[in-house]
Amino acid sequence: MDKTIVLMIIGMGIVTYIPRMLPLVVFNEVKMPPFLQGVLKNVPYATLGALIVPGIFFINEDIWFGVLGFLSALIAAWLGANVIIVVLTAIATLSVYALFM
């Protein structure tokens with residue numbers, strides 16, 4: 001392997017490691033307010049929702065296919081089910097719907 005490629009791989013590793021490590025080191029001793037902690041805890045869910053929701057309406061020609069899967073997953077999540085249960089609920093709902101269509 002060329003020496004340049006190895007140096008590029010090492011450089012890319014350092015560049016991706018630094019932004020992940022810095023917040024842990026800088027904010028290790030800082031106590032954030034509860035409101036900010038709550039906001040930051042919801043960022044992954046908001047990001048996931050922004051990535052998934054547009055695809056719901058374009059998953060199939062039948063718009064109800066995506067809407068029913070979304071609603072069943074939403075209800076399961078609202079009831080406090082585990083993420084795996086939420087996904088399995090949506091799969092089961094869409095399987096039953098596909099049987100009758």
Side-chain angles (χ1 to χ4, degrees):
M1 191 181 297
D2 191 19
K3 195 189 264 188
T4 307
I5 295 175
V6 173
L7 289 175
M8 286 176 61
I9 292 172
I10 292 171
M12 286 186 287
I14 291 170
V15 167
T16 57
Y17 178 73
I18 289 173
R20 295 169 192 230
M21 183 253 329
L22 277 179
L24 293 174
V25 172
V26 172
F27 295 118
N28 191 21
E29 299 295 324
V30 176
K31 182 70 175 162
M32 289 188 276
F35 174 75
L36 185 59
Q37 287 179 0
V39 169
L40 291 176
K41 285 182 183 179
N42 289 322
V43 167
Y45 302 112
T47 305
L48 188 61
L51 292 171
I52 291 176
V53 170
I56 289 171
F57 300 108
F58 301 111
I59 194 169
N60 198 340
E61 292 87 23
D62 183 11
I63 195 168
W64 286 106
F65 193 79
V67 172
L68 287 175
F70 172 71
L71 288 177
S72 65
L74 184 70
I75 291 169
W78 185 267
L79 294 174
N82 189 333
V83 174
I84 294 173
I85 302 300
V86 170
V87 171
L88 290 176
T89 301
I91 291 171
T93 302
L94 294 179
S95 297
V96 169
Y97 180 72
L99 282 174
F100 293 111
M101 290 310 297

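Excluded from the calculations below are hydrogen atoms, water molecules and symmetry mates; all remaining heavy atoms, backbone and side chain alike, are included. This one's a predicted model, so the numbers in the text were calculated from it and none came from an experiment.
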Search all heavy atoms of [X] against all heavy atoms of [Y] and return the closest pair with its distance.
{"X": "Gly49", "Y": "Pro54", "answer": "O-CD, 4.2 Å"}
{"X": "Lys31", "Y": "Gln37", "answer": "NZ-NE2, 3.7 Å"}
{"X": "Met32", "Y": "Leu36", "answer": "SD-CD2, 3.8 Å"}
{"X": "Ser72", "Y": "Ala90", "answer": "OG-CA, 3.4 Å"}

Should [X] and [Y] be counted in the same cluster of Ile, Leu, Val, Met, Phe, Trp and Tyr side chains packed under 4.5 Å apart?
{"X": "Val53", "Y": "Leu71", "value": "yes"}
{"X": "Val30", "Y": "Phe35", "value": "no"}
{"X": "Phe57", "Y": "Leu94", "value": "yes"}
{"X": "Tyr17", "Y": "Val25", "value": "yes"}
{"X": "Ile5", "Y": "Ile10", "value": "yes"}

Would you call [X] and [Y] a side-chain contact if the rule is heavy atoms closer than 4.5 Å?
{"X": "Asp2", "Y": "Val6", "value": "no"}
{"X": "Ile75", "Y": "Leu79", "value": "yes"}
{"X": "Pro44", "Y": "Leu48", "value": "no"}

Could you grab the distance from atom [atom1] of [X] to atom [atom2] of [Y], nearest 0.5 Å is fine?
{"X": "Ile56", "Y": "Leu68", "atom1": "CD1", "atom2": "CG", "answer": "11.5 Å"}
{"X": "Phe70", "Y": "Ile52", "atom1": "CZ", "atom2": "CD1", "answer": "9.5 Å"}
{"X": "Leu88", "Y": "Thr93", "atom1": "CG", "atom2": "OG1", "answer": "10.5 Å"}
{"X": "Lys3", "Y": "Met8", "atom1": "NZ", "atom2": "CE", "answer": "15.5 Å"}
{"X": "Leu74", "Y": "Thr89", "atom1": "CG", "atom2": "OG1", "answer": "11.5 Å"}
{"X": "Met101", "Y": "Trp64", "atom1": "CE", "atom2": "CH2", "answer": "11.5 Å"}

TODO: Applying side chain to side chain contact (heavy atoms under 4.5 Å, CB included), run through Val43 and Thr47 and close with a yes or a no.
DONE: CA-CA 6 Å; Val43 167; Thr47 305; 4.0 Å; yes
Open item on the list: A quick test of your reading: do over 12 heavy atoms of other residues, nucleotides or ligands sit less than 6.0 Å from CD1 of Ile84?
Closed with: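 No, CD1 of Ile84 has 12 or fewer neighbouring heavy atoms, counting only those of other groups under 6.0 Å.
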